[in-house]
Structures are given as structure tokens and as C-alpha cells.
Amino acid sequence: MTPSVSFQTSNFIRDIVLEDLKAKKYDSRVHTRFPPEPNGYLHIGHAKSICLNFGLAAEFGGLCNLRFDDTNPTKEEIEYVESIKEDVRWLGFDWGDRLFYASDYFEQMYQYAVQLIKDGKAYVCDLSADEIREYRGTLTEPGKDSPYRTRSIEENLDLFYRMRKGEFEEGSRVLRAKIDMASGNLNMRDPVIYRILKAEHHRTGNKWCIYPIYDFAHCISDSIEGITHSICTLEFEDHRPLYDWFLNELNVYHPQQIEFARLNLSHTVLSKRRLVELVEQRYVTGWDDPRIPTLSGLRRRGYTPETIQNFCERIGVAKRNSMVDMALLEHCLREDLNKSAPRVMAVLRPLRVVIDNYPENQVEELEAINNPEDFGMGTRKVPFSRVLYIEQEDFREDPPKQFFRLAPGREVRLRYAYFIKCVGVVKDEQTGEVVELHCTYDPKTRGGDSPDGRKVKATLHWVSAAHAIKAEVCLYDHLFVKENPGDEKDGRDFKSFLNPKSLEILTSCRVEPSLAGAVPGSRYQFERLGYFCVDSVDSSDGALIFNRTVTLRDTWAKIEKSQK
RNA sequence: UGGGGCGUAGACAAAUGGCAAGUCAGGAGACUUUGGAUCUCCCAUCUGGAGGUUCGAAUCCUCCCGCCCCAGCCA
């Protein structure tokens with residue numbers, strides 16, 4: 001449970017823990033938990049919570065439990081618990097032997113509910129769901145007492161027991177806490193704590209037909225596990241009085257609930273509802289589509305756990321609702337990959353180049369550095385020959401101002417190879433499209449330096465046509481064109497902001513031969529283009545498929561854009 | 001019109017009555033065999049607003065304004 005990223009700034013939760021430690025509260029223990037409901041895939045918003053909870057525990061020599069909040073059998077599935085475990089592990093955290101389920105505590109919770117009844121603090125209510133809503137009142141008007149509120153303890157005990165036995169229909173009765181129907185906090189107006197659900201639970205099977213509601217189950221689970229700091233998101237702030245009420249009435253160990261603002265990321269969506277919609281309605285290919293911010297999607301896209309941990313540390317933890325710029329996530333990504341990804345040359349949109357004065361059948365093996373940020377990663381050989389491919393966008397017949405790359409009559413460097421000069425342009429007679437370039441090379445510039453000290457303004461990447469491997473490359477862009485697609489004011493549905501260019505598939509790419517056999521999931525920097533990883537689902541030895549994780553910063557693109 | 005929160009730069013975010021950190025974005029320059037990386041500099045006379053307390057206020061007090069959450073037998 002050692003986080004590979006260390007903290008740099010303080011946040012209010014860390015401050016609370018520090019104060020508690022100083023005051024020797026909770027016997028100086030720090031024990032947190034990450035409590036997902038197994039009803040969906042984890043996304044980067046969950047990562048913020050995971051990093052916070054596990055990170056705090058690690059920082060202060062404490063413990064963090066993984067606990068599934070599985071109190072609603074109608075929505076939860078085993079598939080999700082497996083994916084959640086995998087994602088937490090992948091992110092870099094270890095819950096040791098502390099994998100728990102709220103359902104582990106169902107019997108204890110039942111006993112606690114009985115205790116509340118015996119103390120006159122809970123009652124069985126026969127009102128229908130609609131009636132309960134009516135009796136609850138509104139935001140500005142108090143509710144009114146249920147006619148069943150004054151049932152005797154004996155009757156309540158009997159009815160609750162029979163609810164458990166399955167004698168009643170779903171929806172016919174619930175157990176409610178007896179608190180205050182006039183409270184300004186709606187959660188305190190005699191909240192339901194048990195409902196009848198005749199559904200099979202993924203862990204307890206058909207043992208139960210009554211299930212506790214979140215508010216009751218969560219605080220008790222925290223209490224049983226000896227949690228010290230129960231960290232959750234802002235929308236539960238209103239539930240804290242209830243969390244405290246149950247634990248006080250039950251007179252049991254009492255953790256403290258602390259709320260923080262959930263993550264919002266620009267140009268994407270992080271709500272479970274919207275993610276489900278994108279997946280189920282096939283706007284994306286699945287939960288691991290590289291364009292969505294699920295952990296499985298980010299993983300397939302080529303993100304590293306370190307990047308995500310680092311990002312989560314940088315965004316901080318506060319109570320203010322905010323929207324983090326995707327550019328920050330991408331910055332963390334580039335920072336990480338720049339240090340670790342081996343460099344390689346790949347041409348996405350090939351333009352054929354013939355070196356007229358290069359011997360027809362000659363092949364040279366030129367030495368290339370694997371990572372200029374880390375010479376320990378060594379060097380490799382790349383083949384050079386008479387016919388090459390360069391990137392289409394690296395040539396302009398009529399170069400605009402500040403375009404330093406190849407143009408008729410202009411000399412540039414081919415990385416690790418030679419200076420070449422463009423001496424001829426072949427066009428398609430029909431379309432006028434440039435289909436081939438003729439160049440000459442200067443043999444004295446082998447390796448890329450000229451003995452006479454003459455300079456070139458650009459260095460291009462290239463591959464040898466005869467040696468390159470064909471590959472497919474998926475180019476990804478933001479899934480949404482709008483910064484906050486979740487803002488559906490004006491009546492626009494979030495899906496209307498989908499970016500039609502979020503995926504572009506290039507099928508005629510050429511990559512250098514060293515990439516033969518590249519293993520799925522491995523990451524590379526394609527020089528001058530960006531970071532790419534071998535797709536872990538669709539790629540194979542015979543047909544390499546790369547996902548573009550993120551582009552390199554592109555100063556030229558910025559200049560070009562400002563020229564328009 | 002009830003209850004609970006939150007307002008510091010384009011985006012995040014520190015500061016704990018002592019003179020507005022840091023990061024991203026943006027701008028300028030240096031360097032460069034990746035227009036990458038790296039380095040340097042610039043980017044809040046000011047903390048939603050107005051008053052007040054104080055030698056001193058983003059921090060304390062008062063009033064005002066704005067934004068978010070809550071009326072599931074979801075979590």
C-alpha cells in the first residue's frame with residue numbers, strides 16, 4: 001500500500017487526521033475504507049476517492065479496507081465486484097486481508113434494528129411508498145406523523161420478525177427510524193431503514209428478503225470495521241446527522257464522516273448514469289472504450305497508474321465544486337510517459353520518398369537512442385534504404401511562414417540518418433495530390449550531423465519502405481466538444497455534444513521493424529507524434545493495432561492555428 | 001420559502017490575524033538531431049460585494065449577492 005506519489009500540498013482532510021492524531025483520538029489509529037457499490041465500473045472520479053482513502057492510510061501508517069456496499073440486490077452484480085477489485089489493484093493499492101461486504105453484517109444489522117425497536121426508536125410502517133412521500137412534507141413544509149408511528153414495541157418486534165420471515169409482500173411495509181417529521185433535514189423525517197426485497201443477492205442468495213438502506217448499513221459497517229475517518233462525497237453532508245443519530249442511539253463505536261467534493265473533468269462525463277447510457281446505447285464500444293474515463297478505458301488507452309495517482313494528488317481535496325481541466329490530466333500523462341516510454345519511429349500517413357543518389361540495393365543499420373531522457377534504456381538499429389516513407393504533413397509544396405519542414409529545394413534532417421534535399425515532386429495527374437518525393441542525400445551527414453557545420457531547421461521521422469511493418473492506429477480525441485457536457489441547461493441532451501471526431505482509424509501506417517512482436521499494453525513514444533500503446537484487446541502479432549494515448553505538445557499546431 | 005454546503009487568477013489549489021504558495025493553461029525568450037523534453041521570465045496592488053473590529057483582515061463580526069445539494073422503499 002505504498003503510494004508511488006508523495007503529497008505536496010495540504011488539504012482539509014489531511015489536516016483533520018493530523019489533528020486527530022495529535023489529540024490521540026481513536027487511539028492514534030487511522031483506518032479508512034473505499035466503499036463502492038458493485039453496480040458499475042470504476043472511473044477516474046472513484047480514483048480520487050481511492051487515492052484519498054488508501055493514500056491517507058499509507059501516509060499515516062494506517063489501514064484501508066475495500067468494502068462493497070451491497071445492500072441493494074436488485075442493482076448489484078458479481079461482474080462489477082470483480083472489475084472493481086481489478087481496477088483498485090491496478091491503480092496500485094492493496095487491501096490486504098480486508099476485503100469486506102456490507103452483506104457480511106446483515107445479521108448484526110438486523111439485531112441493531114431490533115435494538116432500536118426495543119428502545120422505541122424504530123417502528124414498522126404500513127404506508128405505501130406514495131403515502132410515505134406525501135407524509136414526508138416538502139422542503140418548506142413539515143411532514144406529518146405516520147399513523148403507525150405509535151405501534152407498540154411488541155407489535156413492531158413481531159411485524160419486523162415476520163418481515164424477515166417473508167410473510168409480507170414487497171412494498172407493503174418498511175421499518176422506519178422514529179426521529180422527527182418536522183426536521184428541516186428531510187433525511188431525519190423518519191427515514192426508512194429496512195425494505196422488503198424478494199430478490200436474490202449475489203452473496204447471500206435467498207437468505208434475506210429484507211435489506212437495510214444505505215444510511216443504516218453504512219454507518220454500522222464503518223462502526224464494525226473500526227473505521228476512524230469515513231470519507232464520502234458532498235451530497236452525503238445532509239446524511240451526516242443521520243449517520244451520527246444511528247450510532248448514538250445504538251451506543252456503538254462512532255467514526256467521523258467527512259465529505260469532500262467529487263471530481264468533475266472537462267470534456268467528458270463522470271456520472272454513472274451517463275456512462276451507462278454511452279455504453280448501453282453503443283455510443284462507445286464498451287466499458288473499456290479508450291475514450292471514456294473509466295479506469296478500464298484509461299488503462300486500455302495507455303494511461304499508467306502512476307499518472308492517475310499523481311493527477312489525484314495534484315487536483316487536491318476540497319469542498320468546493322469544481323471542474324478540472326483535462327489538460328492537467330494530459331500533462332501528468334506526458335510527464336510520466338516522457339520519462340518511461342521508449343522512442344520509436346512510425347509514419348501515420350505515409351508519403352513515399354525516393355533518395356535518387358542512394359545506391360539501389362544498399363541498406364544501412366543506423367543507431368538510434370531509445371530514450372534521450374534515460375540513456376540507460378540503450379540504443380537500437382533502424383534500417384535505412386533508398387525508398388522511405390515520411391509523414392505527409394511534413395511536406396508542403398508551398399510552405400507557409402514558419403513551416404520549417406520539407407519543401408521543394410529545402411534541406412532537412414532525417415532523424416539519426418542523413419540530411420536530404422527535396423529535388424522533385426510527383427503528383428497524381430487526376431487529383432493533383434502529391435504522391436511521391438524525390439530527394440538527394442548528403443553522404444557526409446550520416447548519423448545526422450554535417451561536418452561543415454551547416455544547419456537545418458527541421459528533423460523528420462521516417463521509416464524504410466522495404467523494412468517497415470504495417471499497422472493500424474486509432475487516433476482519439478476528446479469524447480465531447482463541450483467543456484461541460486453534463487450541463488444540460490437549454491434543454492440539450494449531453495449526447496448532442498459528442499465529438500464526431502473522437503475516433504479516427506488509420507489503416508495504412510508504417511512502423512519501424514523493431515516493433516515486431518510488441519506486446520499488448522506496451523507503450524511507446526512515436527517520435528514527434530505522441531505516445532501510443534499496443535491495444536490489449538484487438539492487436540495481434542500479425543496485425544498490430546496502436547492506440548494513441550496522447551499527442552506530444554505541438555507548438556507548430558498552435559502557430560498554424562493562430563495563423564488562420 | 002425549510003435544511004445543509006461553497007465562493008482566492010482562464011482551470012485546480014495553498015494560506016490557520018503578519019503583508020496572496022504551487023500546478024495546469026496562456027504569453028515571451030534560451031537551448032535542442034523530436035516544433036518533444038529542459039531552462040528563464042511574465043501572468044491576483046488582491047481573495048463574490050458592502051460595511052465594521054484591529055497597528056495589521058482572504059482569515060474575525062454584520063448585512064447582502066451568487067452557485068451547489070436534499071422531498072428513493074437508490075447509493
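So you know, we letter chains A, B, ... as the sequences are listed, proteins then strands, and number each from 1.
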B:C65 to B:G27 separation - C1' atoms, rounded to the nearest Å: 34 Å
Touch class at under 4.0 angstrom, heavy-atom based, for A:Phe526 against every strand present: nothing
Touch class at under 4.0 angstrom, heavy-atom based, for A:Glu527 against every strand present: base
side-chain N/O A:Arg334 vs B:C24 OP1/OP2, d < 4.0 Å: no
Proximal nucleotide (of B:A11, B:A75, B:G3) relative to the A:Asn185 side chain: B:G3
No-H, no-angle donor-acceptor pair, A:Glu373 side chain to B:G36 base, under 3.5 Å: yes
Nearest-neighbour nucleotide for the A:Thr138 side chain, B:G5, B:C69, B:A71 considered: B:A71
Atom-pair distance (CZ on A:Phe260; P on B:A13), nearest Å: 12 Å
Nucleotide B:G3, atom C1' - distance to CZ of A:Arg189 in whole Å: 9 Å
Nucleotide nearest A:Asp15 when distance is taken to its side chain, options B:A15, B:U23, B:G35: B:A15
Who pairs with B:A14 - Watson-Crick or G-U, where each distance is under 3.5 Å: none
Sugar-phosphate, base or nothing in reach of A:Val174, heavy atoms under 4.0 Å: base
Identity of whatever pairs with B:G66 - Watson-Crick or G-U, under 3.5 angstrom: B:C6
Euclidean distance for P, B:G66 against B:G49 (whole angstrom): 15 Å
Complementary nucleotide of B:G29, counting Watson-Crick and G-U pairs under 3.5 Å: B:C39
A:Asn264 CG to B:C12 P, straight-line distance once rounded to whole Å: 9 Å
Atom-to-atom span, CD of A:Glu134 to P of B:G72 - whole angstrom: 12 Å
Gap in Å between the two C1' atoms, one belonging to B:C31 and one to B:C68, rounded: 48 Å
Touch class at under 4.0 angstrom, heavy-atom based, for A:Ile315 against every strand present: sugar-phosphate
Distance below 4.0 Å between A:Ser10 side-chain N/O and B:A15 OP1 or OP2: yes
Under-3.5 Å donor-acceptor pair between A:His331 side chain and B:A11 base: no
Side-chain donor/acceptor of A:Glu170 to backbone N/O of A:Lys198, under 3.5 Å: yes
Sugar-phosphate, base or nothing in reach of A:Gln402, heavy atoms under 4.0 Å: base
Candidates A:His46, A:Glu79, A:Lys272 - the one meeting side-chain hydrogen bond (donor to acceptor under 3.5 Å, both in side chains) with A:Tyr41: A:Glu79
B:A13 to B:C55 separation - C1' atoms, rounded to the nearest Å: 31 Å
Donor-acceptor pair under 3.5 Å, A:Asp238 side chain vs B:G3 base: yes
Touch class at under 4.0 angstrom, heavy-atom based, for A:Lys489 against every strand present: sugar-phosphate
Between B:U8 and B:C67 - C1' atom distance, rounded Å: 16 Å
Ring geometry between A:Phe532 and A:Phe526 (parallel below 30°, tilted from 30 to 60°, perpendicular above 60°): parallel
Phosphate-side-chain proximity, A:Arg136 and B:G72, N/O vs OP1/OP2 below 4.0 Å: yes
Base of B:G35 and ring of A:Trp556 stacked, centres under 5.5 Å, planes under 30°: yes
Options B:G2, B:A11, B:A71, nucleotide nearest the side-chain atoms of A:Met323: B:A11
Check: A:Tyr214 ring centre within less than 6.0 Å of A:Phe236 ring centre: yes
cation_pi(A:Arg164, A:Tyr110) dist<6.0 Å, angle<=45: yes
Touch class at under 4.0 angstrom, heavy-atom based, for A:Asn11 against every strand present: sugar-phosphate
Non-hydrogen atoms of A:Leu388 and A:Ser464 that approach each other most closely: CD2-CA, 3.9 Å
Side chain of A:Ala129 (C-beta onward), nearest among B:A13, B:G36, B:C73: B:C73
Whole-Å gap separating C1' (B:U34) and CZ (A:Phe375): 13 Å
Atom C1', compared across B:C12 and B:A50: separation rounded to whole Å: 29 Å
Sugar-phosphate only, base, or nothing, as touched by A:Val317 at under 4.0 Å among non-hydrogen atoms: sugar-phosphate
Gap in Å between the two C1' atoms, one belonging to B:U54 and one to B:C60, rounded: 10 Å
A:Arg528 vs B:G35: side-chain N/O to OP1/OP2 distance below 4.0 Å: yes
Touch class at under 4.0 angstrom, heavy-atom based, for A:Ile559 against every strand present: base
Base-pairing mate for B:A75 - Watson-Crick or G-U, with both contacts under 3.5 Å: none
B:C67 OP1/OP2 closer than 4.0 Å to side-chain N/O of A:Arg320: no
Minimum-distance nucleotide to A:Ala327 side chain [options: B:U1, B:C24, B:C73]: B:C24
Sugar-phosphate only, base, or nothing, as touched by A:Ile213 at under 4.0 Å among non-hydrogen atoms: sugar-phosphate
Whether A:His478 and A:His267 hold their rings parallel, tilted or perpendicular, with breakpoints at 30° and 60°: parallel
Presence of A:Thr71 side-chain N/O under 4.0 Å of B:A75 phosphate oxygens OP1/OP2: yes
Chi class for B:G72: syn within 90° of 0, otherwise anti: syn
Sugar-phosphate, base or nothing in reach of A:Lys558, heavy atoms under 4.0 Å: sugar-phosphate
Check ion pair A:Glu560-A:Arg396 (N to O, under 4.0 angstrom): yes
Side-chain N or O of A:Arg240 closer than 4.0 Å to phosphate OP1/OP2 of B:C70: no
Sugar-phosphate, base or nothing in reach of A:Arg405, heavy atoms under 4.0 Å: base
Rounded distance in Å between the C1' positions of B:U53 and B:G17: 12 Å
A:Asp222 and A:Tyr243: side chain donor to acceptor below 3.5 Å: yes
Rounded interatomic separation in angstrom, taking OH from A:Tyr211 and P from B:A75: 12 Å
Pair assignment for B:C60, Watson-Crick or G-U wobble, requiring both distances under 3.5 Å: B:G52
Nucleotide paired to B:A20 in any strand shown, Watson-Crick or G-U, under 3.5 Å: none
Side-chain donor-acceptor contact under 3.5 Å, A:His461 with A:Arg343: no
Out of B:A75, B:A15, B:A37, whichever nucleotide has its closest atom nearest the side chain of A:Arg553: B:A37
Touch class at under 4.0 angstrom, heavy-atom based, for A:Arg415 against every strand present: base
Sugar-phosphate, base or nothing in reach of A:Ala318, heavy atoms under 4.0 Å: sugar-phosphate
